[in-house]
Amino acid sequence: MNDNKRRAIVWSAIERIAFQPKSTSDCLNWLSVYAKTLHSLWGLDPLWGRFGLNDEFVVPFLNLRCRHVIESESKYSVSLVQDSSTNRCYWQIHIDPEYLSKGSLYSASGRYPHQQRAQLQRDIESVLDGMIFHPRCHTHLEDLGVLQVQLDQSKGGLSSHEVRIGGGIENPYVFLFHLRCQFCLVSNHVRQTERQRLIDLFKRSIRDNQNVSAKDLFNFLR
Amino acid sequence: MKRREYGINLDDGVALETDEEFRLLYVPCNPDETACIQGWFADDTLESLLLGGQIGSGKTTLLKEVFRSFIDAQIITVCFDTDPIEPLEGGYCMILFGRILQASLRAGVEIDGCGIALSDFPSIDADSWHAFADKTTTWPSNLQEAERLRDACAVMSENAGLVRKACGELLDRLRNIMSRKPTIIAEGIDKFNPGTPEYFSLKDTLTFLAKRKTLFEVNAVHLFQERDFRPGIRKLFIGGISNDMLAHMLKKRLGSYAPIYQDAFSLLAEYSGGNARQALRLLNAYYFRRTQRQNDHTSAIALACHQVGKDLLNVPYGRFPTDIFAVVKRDGYMEGALFIDRENAPGANDAVYHNWLFVQGEPDPATPTKWPAILNPLIDKAIEWEVDAPRTPEEQAVRKWARDHGISPIGLNLPVDDNGKPAWNKFWEEIESSSEEETLNILGVLEEIGAGLFGVERQDRIIITYQDRKNLEAVRDFLVGEANTYSHFPCEEITLEGGEEREPVIELLMRLSDKDPNRIYSVELTGKWTNAQLRDLEHRRDILDNLQMLWWIQQDELKRYLRFWPQLRQFFRIYKLEDELWRGITMEEIQVDIDFIKDMSDESDPEGVRRLSAVLTYLKEVGGKS
């Protein structure tokens, strides 16, 4: 099987096992773990307790407010708003499943080829980069008018230019998860460590054909 | 304490301790003093030394930093504030003898014949000197054990001179074996306000130690009490830290995020008066306001000053040394003689001991009695002084915001009496009354204390004060339950009942004998605490270091207690609960949290589920909002 076919399978598998909570309660738990662990990846004191399906949170170091409304796993909207009295909206996305996209026309079929499992790690790396860390279609914050910030480079801190807001992400949980990683500017080392953790996690889960719980996805240590 | 490698590391100004903390957060603010102490440790010919500084000046951190390079040296550390079983002469003698005994045993010194025999203290029930050393240097684990130790203390009190003589004998034997003078660190003397009975009980022990090679950790006020140690004793003063150094310290605390908030550093440093802890607490409050409450820079500065001034400085007005204030404001220095002069000494002591004034450094040799000093900026900036230098636009903006919002101390003008002189009483009354209104419901408290309660990267100590007790158990269960939605945080409930015939401090020592930094300690103070009990707790402040604590104290009682706690309050933030406690909390949300913990926990009966279920039951009983 060629690279693209294998990676399409991996992409679908990752979405299926980690980003498609089933019941309302599963969705709320997923969002709660998301809320309770954001600070940890970003190196902050705890700030958020739980998020609902229609909720918002502030990214204090970017002076941004992120609002989301999730109607289903294929219908949602997200806004990035300036966190000040002006409430200036920088950007908004609506995903409406009533209409087609190229991605929605394609569904990966078949299983990951057992005999090519040596390729699994590289396939996951590619997929996670496209899905989460560096979406092919993206916009930078400064292009939206957000004031650029540079965290302390001597500590490995990144610039807000390193935030890439992905376009065409049709799953709300993938989108929120990708924001979590994009807004992680505290240190490139932290970003790379998180990337590697996710690669290892998905490698194990796909190999064992296991779902990824929110607890594991967000490294929610209890 | 676990710290973040790249991110934010805030706290209320506790001393640094671990290698990780020093690597990430230490700023060498006092290189000359550090070198001086290092030299003192290394040189056997040097005699005792007073290391003095005001509360929060960074003495303990400095000592620990130096100590790290002498890790293998035979140093005897005696913590006179935290470790004695009781704050009487016998208690101080017992801990001193116990520590010297430990060091002697380690070095293979022969103990018998030192002037004390095991049989002199039958209540300790030790069959060897090793057992004796263990029992006299560890906190009791039960009341019987405490009682036996106190019996032994009583014997030591009656024979204090003999016990000290035995200590001297052991130190001589130790010197002979090591071929060098034993070095003693007398920690925690700074917690003893001169003039208190406990300090009086300690004096003879201090005089004894001053004849040996001892480093005393003292408050700045003790530097003027050299007769309590040894006439002519060498003194080393840790003065105010420069604004540049303070800014550097704040930068380190914010890790990678420092550039985002760096515009605030100069003003925060300015309002710190050179005091490290005040700077860190201001930063903590400022950061909270910016991130959690989304206040802008100006209002966050004013509110941070207000919060820190309220927590650290505000005491029911009693003997506020207004004359000294006025003179220091005018002259920029404090006469050393004020600390000795019978009439002015109590006021001068209070002003320095409570950090109302900051002594900035040692006197210039040309004017050896004039100690450079300033008013604490959190007080000073609240006053409209006629002769003040013009303010920067930034300062003016902060003051205007505070004035418009009726908060103090920044922006609050000092009331003037009929003669046009400052009416200090009214000044404190205004601060007091403005903070009266700042009550919070439970969700508000949760928001304020969440940073410490929900994570392992910091442990905060919080006092929650209330008018009517009502059902505090449900409030506590709610806070602990919510913490358990983040991680597993067991809670230890402690009730400390004060009053005659009660032993609340011993009770606390017993409960903390096995300290766990991952535990939430919920401590309720009840009964009528005596002044001596309040002072005893004050001295032992450092045992609370690095513990997550929620203290519950009735509002009027707390006002009385705070007068005794200039040290203890440094480790706490104080919040007032409003009467409408449960506003904004629904039973559905609590049920969601219960289900969440059940889903996430591997335990069969998670603590968080128990706590939140109890809250749910309570709310149902009282007909809470659903």
Side-chain angles (χ1 to χ4, degrees), chain A residues 23-26 28-33 35-37 39-50 52 57-65 82-85 147-160 184-191 193 213-216 218 220-222, chain B residues 3-11 24 251-262 284 287-296 443 446-447 449-458 460 482-489 589 591-593 595-603 606 608:
Chain A
S23 64
T24 306
S25 147
D26 286 346
L28 290 174
N29 271 359
W30 194 98
L31 289 167
S32 283
V33 183
K36 286 180 199 298
T37 53
H39 74 277
S40 177
L41 183 68
W42 297 352
L44 302 173
D45 282 338
L47 269 173
W48 307 279
R50 77 165 83 94
F57 62 91
V58 169
V59 187
F61 47 92
L62 291 171
N63 201 28
L64 272 184
R65 189 175 288 271
Q82 188 177 29
D83 183 37
S84 71
S85 52
L147 203 62
Q148 189 165 351
V149 298
Q150 170 68 60
L151 300 198
D152 189 345
Q153 286 174 294
S154 69
K155 302 277 289 180
L158 300 170
S159 148
S160 55
C184 174
L185 300 176
V186 65
S187 152
N188 191 41
H189 176 77
V190 173
R191 260 197 187 190
T193 306
S213 68
K215 204 168 150 181
D216 289 337
F218 294 105
F220 187 40
L221 303 169
R222 291 182 58 87
Chain B
R3 298 288 191 170
R4 297 185 181 96
E5 184 73 26
Y6 304 99
I8 304 272
N9 286 296
L10 297 175
D11 57 47
L24 292 173
K251 179 173 183 276
K252 286 206 163 203
R253 293 298 179 135
L254 293 181
S256 290
Y257 294 102
I260 309 288
Y261 305 101
Q262 63 188 359
N284 192 13
Y287 176 81
F288 171 78
R289 288 283 163 188
R290 292 297 308 275
T291 57
Q292 190 99 31
R293 292 285 168 84
Q294 284 89 52
N295 287 112
D296 63 20
L443 287 180
L446 195 64
E447 195 176 65
I449 70 176
L453 202 57
F454 300 152
V456 293
E457 286 90 356
R458 59 188 281 183
D460 292 346
E482 286 299 313
N484 273 271
T485 64
Y486 283 81
S487 189
H488 174 57
F489 293 117
E589 283 175 330
Q591 187 59 56
V592 167
D593 283 334
D595 294 340
F596 179 77
I597 298 173
K598 279 181 182 167
D599 207 47
M600 294 293 144
S601 178
D602 299 327
E603 293 173 71

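All values below were derived from every heavy atom in this structure, side-chain atoms included, with hydrogens, water molecules and symmetry-related copies excluded. All chains are named by letter (A, B, ...) in the order of the sequence lines, taking the proteins before the strands, and each is independently numbered beginning at 1. Quick caveat: nothing in here was measured; it's all calculated off a predicted structure.
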- Message: So for B:Phe288, is it side chain, backbone, both, or neither that comes closer than 4.5 Å to the heavy atoms of chain A?
- Response: neither
- Message: Heavy-atom pairs under 4.5 Å with chain B - which of A:Lys36, A:Lys155, A:Gln153 has more of them than the others?
- Response: A:Lys36
- Item | 4.5 Å side-chain heavy-atom contact, A:Leu44 and B:Tyr257 | yes
- Looking at A:Pro60, A:Gly49, A:Gly43, which has the largest count of heavy-atom pairs under 4.5 Å with chain B? A:Gly43
- Heavy-atom pair count under 4.5 Å with chain B, highest-scoring of A:Gln150, A:Arg50, A:Lys215: A:Arg50
- Name the option with the most non-hydrogen atom pairs under 4.5 Å to chain B; the candidates are A:Leu28, A:Leu151, A:Val190, A:Thr37. A:Leu151
- Item | Verdict with supporting geometry, B:Leu254 and B:Ile8, side chain to side chain contact (heavy atoms under 4.5 Å, CB included) | CA-CA 5 Å; B:Leu254 293 181; B:Ile8 304 272; 3.7 Å; yes
- Message: With a 4.5 angstrom heavy-atom cut-off, is it the side chain or the backbone of B:Gln292 that approaches chain A, or both, or neither?
- Response: both
- Is any side-chain heavy atom of A:Val186 less than 4.5 Å from a side-chain heavy atom of B:Arg4? no
- Mind checking what makes salt bridge (charged side-chain N to carboxylate O under 4.0 Å, His left out) contact with B:Arg290, not counting sequence neighbours? none
- Task: Decide yes or no for B:Phe454 and B:Leu446: does some side-chain heavy atom of the first lie under 4.5 Å from some side-chain heavy atom of the second?
- Result: yes
- Item | Proximal component of A:Val59, with respect to chain B [non-hydrogen, under 4.5 Å] | neither
- Query: By a 4.5 Å heavy-atom criterion (distance strictly below it), what part of B:Glu5 contacts chain A: side chain, backbone, both, or neither?
  - Reply: backbone
- Message: Less than 4.5 Å apart, side chain to side chain, heavy atoms only: is that true for B:Thr291 and A:Leu47?
- Response: yes
- Query: Which bit of A:Trp48 comes within less than 4.5 Å of chain B, counting heavy atoms only: side chain, backbone, both or neither?
  - Reply: backbone
- Apply ring pair (Phe, Tyr, Trp, His ring centres under 6.0 Å) to B:Phe489 and list each qualifying residue two or more places apart in sequence or on a separate chain. none
- With respect to chain B, which residue among A:Asn63, A:Val58, A:Leu62 yields the maximal number of heavy-atom pairs within a distance under 4.5 Å? A:Val58
- Note on the structure: Honestly, the part of A:Leu221 sitting under 4.5 Å from a heavy atom of chain B is backbone
- By a 4.5 Å heavy-atom criterion (distance strictly below it), what part of A:Asn29 contacts chain B: side chain, backbone, both, or neither? both
